[in-house]
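Below, each value reflects all heavy atoms present in this structure, side chains not excepted, and no hydrogens, waters or symmetry copies. Every chain is numbered from 1, with letters handed out A, B, ... down the list of sequences.
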Protein chains: 2
Amino acid sequence: MLKKERQEYILQQINRHNKVLSADLCTKLAVSEDTVRRDLHELAGDGKILKVHGGALSNTLYQDTQGEIYARQEKAIIAAKAVSLFEEGMYIMVGGGTTVREILKIVPRDLRLIFITVNLASATELLNYTNYEVILLGGKVSRHTRFCTGGDTIMNLADVRADLCILGTNAIDAEAGISDSDYESVQVKKAMIKSSERVAVVTISEKLGSVERFHISPMNGLDYLITELPPAHEALQDYAKSCEVL
Amino acid sequence: MLKKERQEYILQQINRHNKVLSADLCTKLAVSEDTVRRDLHELAGDGKILKVHGGALSNTLYQDTQGEIYARQEKAIIAAKAVSLFEEGMYIMVGGGTTVREILKIVPRDLRLIFITVNLASATELLNYTNYEVILLGGKVSRHTRFCTGGDTIMNLADVRADLCILGTNAIDAEAGISDSDYESVQVKKAMIKSSERVAVVTISEKLGSVERFHISPMNGLDYLITELPPAHEALQDYAKSCEVL
DNA sequence: AGAAAACCTGCACAAACCTGCATTTTTTAA
DNA sequence: TTAAAAAATGCAGGTTTGTGCAGGTTTTCT
């Protein structure tokens, strides 16, 4: 059997079943595992399949859309600070938004963590990394914000208990606390806070001092505030009274 | 034997078997390996065959795998048929897989539909369209398959009732019914079937007559079988006994 | 935390490959 | 017809490719 033939066969199998196991292939094709591995590696190099531990997957299934992210630099700084709160074996509740997603990208891979989320994009991002378990709390999905909302979700949230919650926010003010303009998000965020031992709010400094229509939580209901500014920055002093600024 | 004759013979062999080995040819034609190699090289230069290490392949096979989604055309036909089952206000349970995704892309936008799914990619796709409500049943997310699995999901599924379930499958056989190689998928698919009034299985005809490790449902547990073939096609007659073929 | 499976790296060896050259066959044209 | 030119073939050599195996490492699962 020629190499190319083998690879055609593999591609066909993947297109048909969306996945193949190295072990299966190596008995079917009667070659060593190394050869199969090399074939898969090569096909993956050409972008024809997606190589994973133990076999390969169809790459047509998992193309995720990623656009430009606003204020990437600042968000990277925030991410680094947030990650310092993570510890082995933690249950971490995460929300949505690009800031949170940046954090997820740089979480140390050697920690074993369990993430709980209601957000589709966050869940998808987390699935790219091994070592994490991902629990998605279901419910009716809000089109605009792409996360689960509604009574089901709130009830599901009530049933869990996380060690830490990483919450992005659209508006934060020393007096008014955090707020949002979307009613459904607010309900979910309140429930997330309630289900978490500690809460860290992450936001770029740009949003400091803004208030939106619906109230989520006062500052003293939160444990950490994380921005890209150094903790000593004057813009943060008002917040430092009611929670720890990182 | 003339050079032209040899090359003629080689082309004939390739058209018949889709491949030739240099070694075979050189004994059959009683010439040195170098000569065979040179012939193959020449034919390949004219684009008549595809030269590979150790022999040559038919070039007709090779070029069709470049499609973005495998068998997109067939899947579009399937999608059109599936959509004919949809009615205003229906609750529709959908699985994952590219076939199902193709269907979701052409669902008429003017129907108001409520979709229920455990699959992140399907949910994300559906969110692109207004007019639909999307309910995502949560649980632990399986990394490989990117949908929710485990006891939570099964229990969530038990709590809902859909009018119609659109189920992709990796393997289907008139005797053995539908099956899959992934244990977790199987559990979820079983629950999906159980929670649905009617079930439509969608698959490209290529998969007809294949069986995988784990059994999901016999054919008579399903209501519709949808392939790209016309219902009268002989390959479908065995299936027509136990369910409606579209 | 420990075992099993999958992985990678380097190595060895055979098969296939290429290059250049000598030999044979075919073609061309005087 | 025959000699020169051109093409085709086979061979020697050195190179590349494909494959399997040994070993040590990483990943996964429990």
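- At whole-Å resolution of the value, NZ in Lys51(A) and P in dA6(C) are 10 Å apart.
- Taking atom NZ of Lys140(B) as the reference point, atom P of dC29(D) lies 9 Å away to the nearest angstrom.
- Atom CZ in Arg37(B) sits roughly 12 Å away from atom P in dG10(D) (whole-Å rounding).
- Taking a 6.0 Å sphere around OH of Tyr91(B), one finds it holds 12 or fewer heavy atoms contributed by other residues, nucleotides or ligands.
- Checked for salt-bridge contact, Glu8(A) and Lys19(B) miss the test: no charged N lies under 4.0 Å from a carboxylate O.
- Note on the helix from dA1(C)-dT30(D) to dA30(C)-dT1(D): terminal axis deviation equals 40°, with five pairs used at each end and the result rounded to 10°.
- Atoms CG and CD1, on Leu222(B) and Ile178(B) in that order, are 5.0 Å from each other to the nearest 0.5 Å.
- Atom-to-atom, CZ of Arg112(A) to C1' of dA1(C) comes out at 12 Å; the value is rounded to the nearest Å.
- For the pair Ser22(B) and dC17(C), the criterion of a side-chain N or O lying under 4.0 Å from OP1 or OP2 is met.
- Judged by distance alone, with hydrogens and angles left aside, the side-chain atoms of Ser179(B) form no donor-acceptor pair with the main-chain N or O of Ile216(B) at under 3.5 Å.
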Quiz prompt | Candidate pair Arg6(B) and Glu42(B), rule salt bridge (Lys or Arg N to Asp or Glu O under 4.0 Å), full reasoning | solution = CA-CA 12 Å; Arg6(B) 267 198 333 257; Glu42(B) 203 170 311; over 6 Å; no

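- Using a 4.0 Å heavy-atom cutoff across all strands shown, Lys4(B) reaches no nucleic acid atom at all.
- Applying the ring-ring contact (aromatic ring centres under 6.0 Å, His included) criterion to Tyr183(B), with sequence neighbours excluded, gives Phe214(B).
- Here the straight-line distance linking atom OG1 of Thr98(A) with atom CD1 of Ile103(A) works out to 10.0 Å at 0.5 Å rounding.
- Atom CD in Glu133(A) sits roughly 11 Å away from atom P in dC29(D) (whole-Å rounding).
- Although no hydrogens or angles enter the test, the distance criterion places a donor-acceptor pair under 3.5 Å between the side chain of Arg143(A) and the main chain of Tyr132(B).
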Quiz item: Which letter, B, S or -, goes with each nucleotide of nucleotides 15-28 of chain D from 5' to 3', with contact meaning a protein heavy atom under 4.0 Å?
Solution: --SSBBBB----SS

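- Counting only heavy atoms from C-beta outward, the side chains of Leu25(B) and Tyr9(B) approach each other to under 4.5 Å.
- Following rounding to the nearest Å, His41(B) (NE2) and dA8(D) (P) show an atom-to-atom distance of 14 Å.
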